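Here it is, the structure in full.
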Amino acid sequence: MNAKAIGLLLYISCFIGCSSWTTEIEKPTNPKIPVQFGLQFKKEILPFPESKAIPSIDIGEPGVTNPPSVELVDLCKSIEYVVYDKATNKFVKHHQKNQGDDDFGIVYDTLPAGKYQVSFLAHSSLNAQQKENIISFNEISDMFYATKDIEVNSMDVQSDISLTRAVSLIHLVASDTIPNKLQTLSLSATGYPKMFDMLTGYGHLSGTEGAYVKTFSAEDLKKAADSISFLTLIPENNGLLELTQTAKDKDNNVLRTRTISKVSPEKGKELRYTGKLYSPANPDDTYKLEIKDVAWSLAKDSVLKD
């Protein structure tokens, strides 16, 4: 076998056996120009509480001095970077950068001359799967998103990217005490997206209805100060969630079940529902809804009837 054939076999073997964090569709003959993006938070960001318990979040009034400093590396473990042709919205390439990689928070790339839309999603979810503009997740973590139109010409491109929170926190707080006979409290949410559209910045539902289901034991609830919470992407096309919570005793009898319809998550906001979670239903029961911007202390109150 001549040297040329051996070299070809080695190239093919490396191409098949080597893994890569890049997926792309491009024309390799076009000259490429370096681009660089530095990711940062658009405003001062506070982390959502990580535990099931959501204690009172004292954000303080706007203008408070010395807010806590939170960096991208403190809240996120991965960065998804997707490039589209601006004229056609056609997928060009996808990179994933992970904590521990050099210069986490900076994305380096090369692109042929042209106009593009570049999109970024920073998160801590495991097993993210990408297919063109859709990123799929097993579980939704705190997430931050940005998109920008760029033009690549003969000059190197360097750009700062300002990320904003892409999720909402849904939080149920009990106004009644945990009864001794309580065994579990389950929470489900329909219309719950587990996919993210990198073109639009919204949650994407597949052909099957999205759902979130979580069950908490009485011990979990005691540790969580009588509250439960979960993160959600913002459903596309003004989609709404429907929440159902069911409390059961040790004999699997239902102590209480209630449904909250037309829940409209907002990016970067905590939707806090306060009301009875365990006690038998009463026609006069209501949930108090507070919507709070977890970084800038914007809130409004309203009442939802049972």
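Quantities reported herein were computed from a predicted structural model and do not represent experimental measurements.
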ask   = Considering only heavy atoms from C-beta outward, does the side chain of I228 approach that of K214 to under 4.5 Å?
value = no
ask   = Rounded to the nearest 0.5 Å, how far apart are NE2 of H204 and CZ of F196?
value = 12.5 Å
query = Heavy-atom distance under 4.5 Å between the side chains of K148 and F37, does that happen here?
reply = no
query = Tell me, do Y212 and I170 make a side-chain contact under 4.5 Å, heavy atoms counted?
reply = no
ask   = Could you state the interatomic distance from CD (E219) to CD (Q183), rounded to the nearest 0.5 Å?
value = 10.0 Å
query = Which pair of heavy atoms, one from P179 and one from L255, lies closest together, and at what distance?
reply = CG-CD1, 4.3 Å
query = Between N237 and G239, is there a donor-acceptor pair closer than 3.5 Å when you use the side chain of the first and the backbone of the second?
reply = no
query = Taking it one step at a time, do T257 and T244 satisfy side chain to side chain contact (heavy atoms under 4.5 Å, CB included)?
reply = CA-CA 7 Å; T257 184; T244 301; 4.0 Å; yes
task = Would you name the heavy atoms of L231 and Y192 that are closest together and state the gap between them?
result = O-OH, 2.7 Å
N238, CG atom: more than 12 neighbouring heavy atoms under 6.0 Å = no
task = Heavy atoms only: give me the nearest L182-A218 pair and the separation to one decimal.
result = O-CB, 3.5 Å
ask   = Honestly, is K267 close enough over Y202, meaning NZ or CZ under 6.0 Å from the six-membered ring centre and within 45° of the axis?
value = yes
request  = With the side chain counted from C-beta on, respond yes when V167 and D142 share a heavy-atom pair under 4.5 Å apart, and no when they do not.
outcome  = yes
ask   = Can you list the steps and then say if L185 with L172 is a side chain to side chain contact (heavy atoms under 4.5 Å, CB included)?
value = CA-CA 11 Å; L185 179 70; L172 301 182; over 6 Å; no
request  = Check the pair L121, S119 against side chain to side chain contact (heavy atoms under 4.5 Å, CB included), reporting the backbone distance first and the verdict last.
outcome  = CA-CA 7 Å; L121 183 69; S119 296; over 6 Å; no
task = For the residue pair Y278 and R256, establish whether any side-chain heavy-atom pair is separated by less than 4.5 Å.
result = no
message = Does any part of the side chain of N127, heavy atoms only, come nearer than 4.5 Å to the side chain of S136, both counted from C-beta?
response = no
message = Is it true that, when you exclude D102 itself, more than 12 heavy atoms of the residues, nucleotides or ligands shown sit nearer than 6.0 Å to its CG?
response = no
key: Closest non-hydrogen atom pair, T110 against K93   = O-NZ, 3.2 Å
request  = Check whether more than 12 heavy atoms from other residues, nucleotides or ligands sit under 6.0 Å from atom CD of E139, and answer yes or no.
outcome  = no
Which atom of S186 lies closest to which atom of T215, heavy atoms considered = CB-OG1, 3.7 Å
query = Would V263 and Y273 satisfy side chain to side chain contact (heavy atoms under 4.5 Å, CB included), going step by step from the backbone distance to the final call?
reply = CA-CA 11 Å; V263 176; Y273 294 88; 3.5 Å; yes
remark   = Hits for side-chain contact (heavy atoms from CB on, under 4.5 Å) against Q40, two or more places apart or cross-chain, chain-then-number order -> D160, S162
Gap separating the CD atom of Q96 from the CD atom of Q130, nearest 0.5 angstrom = 9.5 Å
query = Any side-chain heavy atom of S124 sitting closer than 4.5 Å to one from Q99?
reply = no
task = Kindly check if the number of other-residue, nucleotide or ligand heavy atoms within 6.0 Å of CG (D103) is above 12?
result = yes
request  = Inspect the contact between D149 and K86 and indicate whether a charged nitrogen and a carboxylate oxygen are less than 4.0 angstrom apart.
outcome  = yes
remark   = For E266 and S168, the nearest pair of non-hydrogen atoms, with its separation, is O-CB, 3.2 Å
inquiry  = What's the separation between atom CD1 in I140 and atom CE in M195, rounded to the nearest 0.5 Å?
reply    = 10.0 Å
ask   = CD1/I234 to CG/L241 distance, rounded to the nearest 0.5 angstrom?
value = 8.5 Å
ask   = How would you list, by chain and number, every residue that makes a side-chain contact (heavy atoms from CB on, under 4.5 Å) with N133, sequence neighbours excluded?
value = Y84, D197, L199
note = Only one of Y81, F41, F144 passes ring pair (Phe, Tyr, Trp, His ring centres under 6.0 Å) with F120, and that residue is Y81
key: Donor-acceptor contact below 3.5 Å, side chain D251 vs main chain N253   = no
message = For residues V107 and V73: do they belong to one hydrophobic cluster (side chain heavy atoms under 4.5 Å, members Ile, Leu, Val, Met, Phe, Trp, Tyr)?
response = yes
ask   = In Å, rounded to the nearest 0.5 Å, how long is the span from SG of C76 to NZ of K97?
value = 14.0 Å
inquiry  = Counting C-beta onward and ignoring hydrogens, is there a side-chain heavy-atom pair between S188 and T190 closer than 4.5 Å?
reply    = no
